[in-house]
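Order of the sequence lines fixes the chain letters, A, B, ..., with proteins taken first and strands second; residue numbering starts at 1 for each chain. Computed from a prediction, not measured in an experiment: that's the story for all the values here.
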Amino acid sequence: MRLNPGQQQAVEFVTGPCLVLAGAGSGKTRVITNKIAHLIRGCGYQARHIAAVTFTNKAAREMKERVGQTLGRKEARGLMISTFHTLGLDIIKREYAALGMKANFSLFDDTDQVALLKELTEGLIEDDKVVLQQLISTISNWKNDLMNPAQAAASAKGERDRIFAHCYSLYNDHLKACNVLDFDDLILLPTLLLQSNVEVRERWQNKIRYLLVDEYQDTNTSQYELVKLLVGQRARFTVVGDDDQSIYSWRGARPQNLVLLSKDFPALQVIKLEQNYRSSGRILKAANILIANNPHVFEKRLFSELGYGTELKVLSANNEDHEAERVAGELIAHHFVNKTNYKDYAILYRGNHQSRVFEKMLMQNRIPYKISGGTSFFSRPEIKDLLAYLRVLTNSDDDSAFLRIVNTPKREIGPATLQKLGEWAMTRNKSLLTASFDMGLSHTLTGRGYESLTRFTHWLREIQQLSEREPINAVRDLIRGIDYESWLYETSASPKAAEMRMKNVNQLFTWMTEMLEGSDIDEPMTLTQVVTRFTLRDMMERGESEEEADQVQLMTLHASKGLEFPYVYLVGMEEGLLPHQSSIDEDNVDEERRLAYVGITRAQKELTFTLCKERRQYGELVRPEPSRFLLELPQDDVLWEQERKVITAEERMHKGQASIANIRAMMEKAKNR
DNA sequence: CCAGTCCCCTTTTTT
DNA sequence: AGGGGACTGG
């Protein structure tokens with residue numbers, strides 16, 4: 001398929017700053033991949049001078065795949081396709097000396113952050129989860145706004161800000177002492193360095209001669225600053241974004257960066273992609289009309305040549321169970337009549353808790369499904385344990401990791417021992433692990449605790465030494481040495497669960513081995529590199545793509561961004577849910593409308609909304625109003641299907657089950673023919 | 001160190 | 001309603 005004029009223009013404009021306003025389904029990934037190919041084949045750029053930046057690892061992986069298909073391995077060699085954070089990490093890894101850091105730093109994830117700040121701020125701030133969370137996000141905001149603790153303190157307006165700024169200062173000092181960085185540092189430090197150090201800046205501007213940024217509307221201040229520093233005066237870059245799909249402002253994204261761009265780069269070429277290749281005309285019309293209720297800086301009107309399509313449906317249910325039942329019933333019937341695959345269907349919702357009822361209903365009816373979201377692989381305790389061990393191996397100063405593993409599995413090193421060790425280390429300005437080798441420590445610690453501690457740390461040191469020569473064997477010895485499998489069987493609810501968790505551990509080990517050994521595509525990595533990559537969940541391109549099982553897809557609206565499905569059920573279309581009550585309270589319904597817009601534009605052929613007349617919420621029954629977004633849709637294109645007769649729960653249950661059972665029976669018959 | 005109990009909270013999620 | 005975290009008592 002050929003590029004349309006807008007896409008063509010976006011690909012071919014390479015002589016200056018370029019903003020591509022890419023509506024949903026307008027082929028932006030195609031534009032990016034084709035543009036990279038064009039830069040290399042048509043404009044004399046070398047692959048190693050081009051960088052493309054995304055927000056998620058998934059997006060980066062997909063882009064690599066697509067570019068690989070277009071260009072082939074050798075032409076794409078050296079191309080930098082990564083997330084913002086991995087790019088930042090790469091810069092820090094190369095420039096750690098200029099930053100005054102040690103080479104073997106490790107990374108803090110959010111759990112470490114919470115634990116550390118909780119400990120650090122004891123007595124300073126209220127001992128309250130909410131306050132702590134506020135502190136964390138305040139610090140994160142400061143970092144994202146490129147403010148150091150002194151600047152934060154100077155800008156403090158009230159007592160609270162001053163205390164928070166002080167906590168920020170303590171926190172940063174502690175990170176430094178532990179030779180640790182948090183996620184925000186991965187953007188902040190390179191940005192500050194590039195700002196202040198001309199030599200380094202020029203080195204990177206010379207390395208990255210063309211920059212592409214995907215999902216630009218999701219950038220925060222420091223990320224945009226980094227972009228500006230990297231592109232410099234030359235201003236050879238392309239950013240791709242869509243202000244209507246900005247749904248992450250609650251986590252610091254500044255969609256205003258789209259507008260800022262034309263101020264910072266007056267020569268900016270703005271190109272709109274308005275032809276949609278995904279959805280039927282009717283779906284697109286509904287999306288356009290809905291989003292027209294939001295204010296816009298860039299007017300945009302998507303059109304489709306895929307035909308007008310069928311009406312959008314609205315199914316009204318009596319309560320959540322009924323809602324799930326109707327969706328399941330519709331879905332089975334539709335699947336049967338149209339001979340579709342289950343993976344052609346998606347059920348999208350505002351909050352994760354909504355998935356439960358649907359999951360139950362699909363399970364009861366033997367419909368294969370997949371819920372994305374929930375606890376990811378890397379937030380599982382067994383994985384975090386293991387990574388903490390590895391962090392200690394690669395960075396002995398990482399107290400947070402040390403504390404996590406020092407008594408996991410149980411080895412009789414209790415709070416009392418650790419308390420004393422902590423005091424000892426603190427007065428001597430050493431990390432916990434380093435301090436535990438001090439001779440004098442035996443006087444402060446009682447016999448038993450001292451013995452357990454030294455036995456452990458000495459063993460750890462052996463593994464650590466081995467890891468410098470033979471990292472793979474060291475990791476294997478580590479897992480065996482702590483007898484982690486037994487620990488899992490002891491602590492898991494069931495043997496089955498333990499088995500699962502051990503499988504995860506082995507999976508991690510396999511990935512790690514591959515990364516340490518390298519392959520024909522990837523250079524071998526050091527253990528330190530592997531560990532930081534894992535903390536970033538960034539595991540390069542391993543060929544094994546997610547198994548493409550034939551399953552109905554269940555996910556939140558947020559998680560659905562960037563995906564598409566022939567048939568979409570957008571459930572829980574009620575005031576209070578979508579738009580969410582908290583957004584109504586905060587007067588931020590626009591973002592909820594964009595969320596609805598994202599959901600609608602996922603659908604290719606058919607779109608069904610559902611809502612409940614009655615819903616159980618926080619233990620009490622509420623009677624929500626239909627979502628205002630349903631009322632904003634063009635009503636000529638929407639079919640409201642009411643169930644006329646009011647029936648009891650039992651009858652309904654019976655009826656729902658019966659009809660589903662009937663359809664099943666028909667399907668079986670059809671199959672057997 | 002574990003188990004049992006009470007209390008609290010409840011949008012979205014990545015790196 | 002239901003799950004999870006914190007706290008208490010053995």
Side-chain angles (χ1 to χ4, degrees), chain A residues 53-60 82-89 92 107-115 118 127-130 132-133 136-137 140 143-144 181-188 215 218-220 222-223 245-253 319-321 348-357 372-379 381 407-416 490-491 532-539 555-562 572 576-586 588-589 591-592 594-596 598-599 615-622:
Chain A
V53 186
T54 64
F55 277 84
T56 64
N57 291 308
K58 190 165 160 241
S82 67
T83 63
F84 262 105
H85 293 264
T86 308
L87 176 65
L89 178 68
I92 296 171
L107 287 185
F108 248 29
D109 69 13
D110 37 7
T111 328
D112 302 310
Q113 217 175 6
V114 173
K118 190 170 177 166
D127 181 23
D128 179 77
K129 258 201 304 220
V130 179
L132 187 66
Q133 214 48 60
I136 288 170
S137 74
S140 180
K143 288 195 174 191
N144 288 334
L181 301 179
D182 68 17
F183 287 134
D184 296 323
D185 287 334
L186 292 178
I187 314 294
L188 172 71
E215 304 283 10
D218 290 339
T219 51
N220 61 35
S222 62
Q223 285 160 339
Q245 292 186 71
S246 163
I247 54 176
Y248 286 110
S249 71
W250 51 275
R251 101 189 168 197
N319 57 39
E320 304 113 292
D321 294 322
L348 308 180
Y349 35 79
R350 174 67 236 256
N352 277 313
H353 63 276
Q354 287 170 265
S355 70
R356 285 194 49 185
V357 203
S372 27
T375 37
S376 86
F377 184 80
F378 291 93
S379 46
N407 203 29
T408 304
K410 297 274 175 278
R411 48 177 77 91
E412 295 182 306
I413 303 172
E490 277 166 40
T491 52
T532 45
R533 284 293 158 97
F534 271 128
T535 315
L536 283 176
R537 295 138 194 230
D538 175 19
M539 289 152 291
M555 68 188 83
T556 63
L557 287 162
H558 284 90
S560 76
K561 193 171 131 187
L577 245 191
L578 184 68
H580 196 272
Q581 190 56 47
S582 49
S583 293
I584 299 174
D585 296 341
E586 289 163 35
N588 190 19
V589 174
E591 180 142 321
E592 299 286 312
R594 290 194 288 270
L595 212 39
V598 166
R615 181 181 293 272
R616 212 163 256 297
Q617 214 159 22
Y618 309 140
E620 64 186 331
L621 217 53
V622 291

Atom pair distance, as rounded to whole Å: [atom1] in [X] and [atom2] in [N]:
{"X": "Lys143(A)", "N": "dT15(B)", "atom1": "NZ", "atom2": "P", "answer": "18 Å"}
{"X": "Leu595(A)", "N": "dT13(B)", "atom1": "CG", "atom2": "P", "answer": "10 Å"}
{"X": "Lys118(A)", "N": "dG5(C)", "atom1": "NZ", "atom2": "P", "answer": "11 Å"}
{"X": "Glu586(A)", "N": "dT12(B)", "atom1": "CD", "atom2": "C1'", "answer": "12 Å"}
{"X": "Gln113(A)", "N": "dT15(B)", "atom1": "CD", "atom2": "P", "answer": "15 Å"}
{"X": "Trp250(A)", "N": "dT12(B)", "atom1": "CH2", "atom2": "P", "answer": "8 Å"}
{"X": "Ile413(A)", "N": "dC1(B)", "atom1": "CD1", "atom2": "P", "answer": "10 Å"}
{"X": "Arg616(A)", "N": "dG2(C)", "atom1": "CZ", "atom2": "P", "answer": "9 Å"}

Base, sugar-phosphate or nothing for [X]? Non-hydrogen atoms, less than 4.0 Å.
{"X": "Phe55(A)", "value": "sugar-phosphate"}
{"X": "Thr56(A)", "value": "sugar-phosphate"}
{"X": "Asp109(A)", "value": "nothing"}

Indicate the ring-plane relationship of Trp250(A) and His558(A), choosing parallel, tilted or perpendicular according to the 30° and 60° boundaries.
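If you compare the ring of Trp250(A) with that of His558(A), the planes turn out perpendicular.
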Using atom [atom1] in both nucleotides, what's the gap between [N] and [M] to the nearest angstrom?
{"N": "dT13(B)", "M": "dG2(C)", "atom1": "P", "value": "22 Å"}
{"N": "dG3(C)", "M": "dT14(B)", "atom1": "P", "value": "23 Å"}
{"N": "dG4(C)", "M": "dT11(B)", "atom1": "P", "value": "15 Å"}

Side chains of Gln581(A) and Asp585(A) only: does a donor on one sit below 3.5 Å from an acceptor on the other?
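Side-chain D/A pair, Gln581(A) to Asp585(A): present.
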Under a plain distance cut-off of 3.5 Å, with no hydrogens placed, do Ser582(A) and His580(A) share a side-chain donor-acceptor pair?
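The answer is yes; a qualifying pair exists.
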Could you go through the salt bridge (Lys or Arg N to Asp or Glu O under 4.0 Å) check for Arg356(A) and Glu320(A) one step at a time?
CA-CA 10 Å; Arg356(A) 285 194 49 185; Glu320(A) 304 113 292; over 6 Å; no
Pick the closest DNA chain B nucleotide for His558(A) and for Thr83(A) by heavy atoms, then say which residue is nearer the 5' end.
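In this pair, the answer is His558(A).
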Start at the 5' end of DNA chain B and walk down; is the nucleotide closest to Lys58(A) or to His353(A) reached first?
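Its nearest nucleotide being more 5', the pick is His353(A).
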Considering only [options], which nucleotide approaches the side chain of [X] most closely?
{"X": "Lys410(A)", "options": "dC2(B), dT12(B), dT14(B)", "answer": "dC2(B)"}
{"X": "Asn407(A)", "options": "dT13(B), dT11(B), dC1(B)", "answer": "dC1(B)"}
{"X": "Glu592(A)", "options": "dT13(B), dT11(B), dG2(C)", "answer": "dT11(B)"}
{"X": "Tyr618(A)", "options": "dA1(C), dT15(B), dT12(B)", "answer": "dA1(C)"}

So does Thr556(A) reach the base of dT12(B) with its side chain, donor to acceptor, closer than 3.5 Å?
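Between dT12(B) and Thr556(A), which were checked side chain against base, a qualifying N/O pair under 3.5 Å is absent.
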Determine whether any donor atom in the side chain of Arg537(A) lies under 3.5 Å from an acceptor atom in the base of dT15(B), or the reverse, and answer yes or no.
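Checked by distance alone, the answer is no.
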Which heavy atom of Met555(A) sits nearest to which heavy atom of Ser372(A), and what is that distance?
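Smallest heavy-atom distance, with atoms named: CB-OG, 3.5 Å.
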List the atom of Thr83(A), the atom of Val53(A), and the distance in Å for their closest heavy-atom pair.
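Distance-wise, the nearest heavy atoms are C-CG1, 3.8 Å.
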Would you say Asn57(A) places a side-chain N or O within less than 4.0 Å of OP1 or OP2 belonging to dT14(B)?
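No, no such contact exists.
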Please state whether the phosphate of dT13(B), meaning OP1 or OP2, lies under 4.0 angstrom from any side-chain nitrogen or oxygen of Asn352(A).
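For Asn352(A), the contact criterion (side-chain N or O under 4.0 Å from OP1 or OP2 of dT13(B)) is met.
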Ring stacking, His580(A) with base of dT11(B), under 5.5 Å and under 30°?
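Here His580(A) meets both the 5.5 Å and the 30° conditions.
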